[in-house]
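In what follows, a structure is listed as C-alpha cells, so that the remarks can point back to it.
Because only heavy atoms are used, hydrogens play no part in the values below, and waters and symmetry mates are left out as well, while side chains stay in. Naming: A, B, ... by sequence-line order, numbering from 1 per chain. Quantities reported herein were computed from a predicted structural model and do not represent experimental measurements.
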There are 2 protein chains.
Amino acid sequence: MENKNISMAVIKRMPRYYRYLGDLLDNDILKISSKDLAQKMGITASQIRQDFNNFGSFGQQGYGYDVRLLYHEIKRIIGIDKVYSIIIIGAGNIGQALANYQNFKRRGFNIIAMFDKNPKLIGELIGKLEVLDIETLPKFLEDNSVDIAVLSIPKLEAEKVSETIISGGVKGIWNFSPVDIKAPEGVIVESVPLTDSLMTLSYRLSEESILERINLHK
Amino acid sequence: MENKNISMAVIKRMPRYYRYLGDLLDNDILKISSKDLAQKMGITASQIRQDFNNFGSFGQQGYGYDVRLLYHEIKRIIGIDKVYSIIIIGAGNIGQALANYQNFKRRGFNIIAMFDKNPKLIGELIGKLEVLDIETLPKFLEDNSVDIAVLSIPKLEAEKVSETIISGGVKGIWNFSPVDIKAPEGVIVESVPLTDSLMTLSYRLSEESILERINLHK
DNA sequence: TACTTTCTGTTATGATTATATCATAAAGCA
DNA sequence: TGCTTTATGATATAATCATAACAGAAAGTA
C-alpha cells in the first residue's frame, strides 16, 4: 500500500539512509532530526523528509525521528528483512570475490551455488562452495528456488547465459558484465558498471586538470 | 574550452556511448544516425544529440555521425586517451579481482603497486604484483606519481587510509568501501556502492512481487 | 540541376526532481 | 498552564533534465 511509483532517484538513496542510520545506532544515537541527518549526509533536510514521506510518516513534530524505528522501517522498505537465495555465474576474479564477501551473507543474501564453464574451475572450492558446471544450470534452476543470479562472466557469454537464467525463472539479475542485459517485464536487472565508473573517474580527473590549468593562467 | 558545467547525468552516459560505438566499429559500421543509435540503446535521439553537443558538433546533417571519429572524440572527452597510474589499497577479494582484471590495463589504467596491512598478504604475488606493506605507502607516494588509488579495504580503515592518500597528493580515489570518503576540492572520489546496488535490487524485487500479488487479486 | 529526403544542432516545451516555505503539532521550560 | 522552540509533513516554487519541434544543411535521386 506504499506504492505510488517511487522514483529511481529516491530508491537509490534509501540504502545510504540505511547505512547512516545503522551508524547512528552503533553510536547509541536514538533520535535524529532531518536537519542533523542532512548535515551529516551533506544533503538538504527537505530532501530527507520528502524521501521518507514517500513511504509513510515516521517522524514526530518537535522530536524528530526515532532512529531505531526508522532503521527498521527502511530495512523493510528496501526488502532486506527477507532472505534471498543467490547463485553466482562465473567463478573468475569478481565471482570469487563476491563469493568470499562475508557482508552479503550477514544481510540475508545466501549464496547457494556457483557456476563456470572452465573445466579447470569446475569442482574447485571457492570458500565453502564447489564450482558447478554451467551445463547443469538449467537443471539446477528447475530443482532450486533462486531469487538472484550474479552475472560475473565475460561480455560475450553474458547475453546467452542471461537467457538461460531468465527462462529458468530467476527474477533478479545482478550484472557485472559490461553489456546491457535484455530482460522481459518482471525480471529486474541491476548492473554494476565497473568500467563505466572508472571512466567517469577518468573524465572528472581530466576535467579537474583542465580547470587547474585555467586557474594557473589567472 | 569545452567546459560549461556538464551535468553529472550527461557524464555518466558517456562511457555507455563509448561502449556502443566500440561495438559498432567491431561490426564495421562506420556511420550512424542519432535515430539508429537511439533505437539500439533504448533512449531518445534527442538526448543523444543534446549529449554530444555539450562537447562539440561531431555530426553532419543528412549524413549522421562518423563512428570512428565520434568514438575517438568520446575517448578523448572521457580522458581515456591518456595513461593512468593506479595503486590498489587492500589486497583482499575485491582488490585481487581488480588486480587480475585485464581490461583495465588494456584501457591504459596501469596498476603499479598493491598494499595491504595483513602480514600474511604482504610479500605475496597477486598476478605480477607483490603486495607491499601499507606502512610504506606514504614513502611510496613521495617517490612515485600516482593518479588513482583504489580503496578496497574495510569500512573502518577506509577513512584513515584516504587521508594518507590525499596528503600524498593522489587526485583520484576509486572507492569500493561502503563509506563516504571526505575529500578536499580537487580530489575526485568515485564510489562503487556494491552493497547499495544489491539493496536496490532487493527493493525492486520486493516491489515487483507486491505488484504481482496485486495483479493476482484482479 | 531541381526536388525530396535525411538528419543535425538548436531552441522551445514538458516532466521530473530538488529545494524552500509554511501551517501545525509535540516538546521543553518558566 | 501558557509561551517559545523545534521539527515534521505538505504544498509551493525553483532548478534540472529529457523530449519535442523546427530551421537549415548535406545527401540522394530523377
Side-chain angles (χ1 to χ4, degrees), chain A residues 1-17 20-21 24 29-71 73-74 77 200 203-204 207, chain B residues 1-17 20-21 24 29-71 73-74 77 200 203-204 207:
Chain A
M1 316 297 93
E2 64 194 20
N3 216 289
K4 26 176 179 174
N5 262 326
I6 314 292
S7 84
M8 196 51 87
V10 173
I11 295 166
K12 294 259 175 204
R13 279 194 292 269
M14 298 309 288
R16 187 152 180 261
Y17 291 132
Y20 272 83
L21 291 168
L24 289 176
I29 297 169
L30 297 178
K31 67 172 260 190
I32 188 114
S33 68
S34 59
K35 189 181 160 200
D36 290 350
L37 184 56
Q39 188 160 34
K40 267 185 200 296
M41 297 183 66
I43 58 178
T44 64
S46 216
Q47 182 165 66
I48 290 178
R49 293 203 299 276
Q50 280 237 5
D51 282 351
F52 292 168
N53 278 86
N54 279 296
F55 302 100
S57 302
F58 307 123
Q60 206 159 36
Q61 287 158 319
Y63 179 86
Y65 296 90
D66 178 312
V67 177
R68 211 180 322 229
L69 175 90
L70 189 56
Y71 180 78
E73 283 295 336
I74 291 182
I77 289 163
T200 304
Y203 173 88
R204 297 210 279 153
E207 192 185 35
Chain B
M1 311 301 95
E2 64 195 16
N3 216 289
K4 28 177 179 176
N5 261 327
I6 314 291
S7 83
M8 197 49 88
V10 173
I11 296 166
K12 295 258 176 207
R13 279 194 293 270
M14 298 311 287
R16 187 153 179 260
Y17 291 130
Y20 272 83
L21 291 169
L24 289 175
I29 297 170
L30 297 178
K31 67 171 259 193
I32 187 115
S33 67
S34 60
K35 190 181 161 199
D36 291 349
L37 185 56
Q39 189 160 34
K40 268 187 200 293
M41 298 184 65
I43 58 179
T44 64
S46 216
Q47 181 164 71
I48 290 179
R49 293 204 298 278
Q50 280 241 5
D51 282 352
F52 292 168
N53 278 86
N54 279 298
F55 303 100
S57 301
F58 308 123
Q60 205 158 37
Q61 286 158 321
Y63 178 86
Y65 296 90
D66 178 310
V67 177
R68 211 178 324 228
L69 174 90
L70 189 56
Y71 181 77
E73 283 295 337
I74 292 183
I77 289 162
T200 304
Y203 173 90
R204 296 210 282 152
E207 191 185 34

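Atom-to-atom, NZ of A:K31 to C1' of C:dA27 comes out at 8 Å; the value is rounded to the nearest Å. Rounded to a whole Å, the CG atom of B:N54 is 16 Å from the P atom of C:dT8. C:dA18 atom P lies 14 Å from atom CE of B:M8, rounded to whole Å. One can place CG of B:N53 at 12 Å from C1' of C:dT11, the figure rounded to the nearest angstrom. For B:R49 and C:dT10, the CZ to P distance is 11 Å, given to the nearest whole Å.
Of all nucleotides in DNA chain D having an atom under 4.0 Å from a heavy atom of chain A, the first and last in 5' to 3' order are D:dT6 to D:dA12.
Taking B:F52 as the reference, B:Y17, B:Y65 meet the ring pair (Phe, Tyr, Trp, His ring centres under 6.0 Å) condition, with sequence neighbours excluded.
Residue pairs satisfying the side-chain hydrogen bond (donor to acceptor under 3.5 Å, both in side chains) criterion with at least one member in residues 6-15 of chain A, sequence neighbours excluded, are listed as follows: A:K12-A:E190, A:R13-A:D51.
Along DNA chain C, the nucleotide nearest to B:Q50 and the one nearest to A:S7 differ in position, and the one closer to the 5' end is contacted by B:Q50.
The shortest side-chain heavy-atom distance between A:I6 and A:M14 does not fall under the 4.5 Å cut-off.
Smallest separation of non-hydrogen atoms from A:I11 and A:P15: O-CD, 3.2 Å. Residues B:D66 and B:R68 share a closest heavy-atom pair of OD1-N, 3.0 Å.
Between the CZ atom of A:F58 and the CD1 atom of A:I74 there is a distance of 7.5 Å, given to the nearest 0.5 Å. In this structure, the separation between CD on B:E73 and CG on B:L21 is 11.5 Å, given to the nearest 0.5 Å. Here the CE atom belonging to A:M8 is positioned 7.5 Å from the OG1 atom belonging to B:T200, to the nearest 0.5 angstrom. Note that the CD1 atom of B:I29 and the CG atom of B:L24 stand 5.0 Å from one another [nearest 0.5 Å].
Of the residues in residues 61-68 of chain A, those lying under 4.0 Å from DNA chain C by heavy-atom distance are A:Q61, A:G62. Within residues 34-45 of chain B, the residues that place at least one heavy atom under 4.0 Å from DNA chain D are, in residue-number order, B:T44.
At the heavy-atom level, B:S46 lies under 4.0 Å from base atoms of the strands shown.
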Going by atom type alone, with no hydrogens or angles, which donor-acceptor pairs under 3.5 Å involve a side-chain atom of residues 30-42 of chain A and a protein atom two or more places apart or on another chain?
residue : atom : partner : partner atom : Å
A:S33   : OG   : A:D36   : N            : 3.1
A:S34   : OG   : A:R49   : NH1          : 3.0

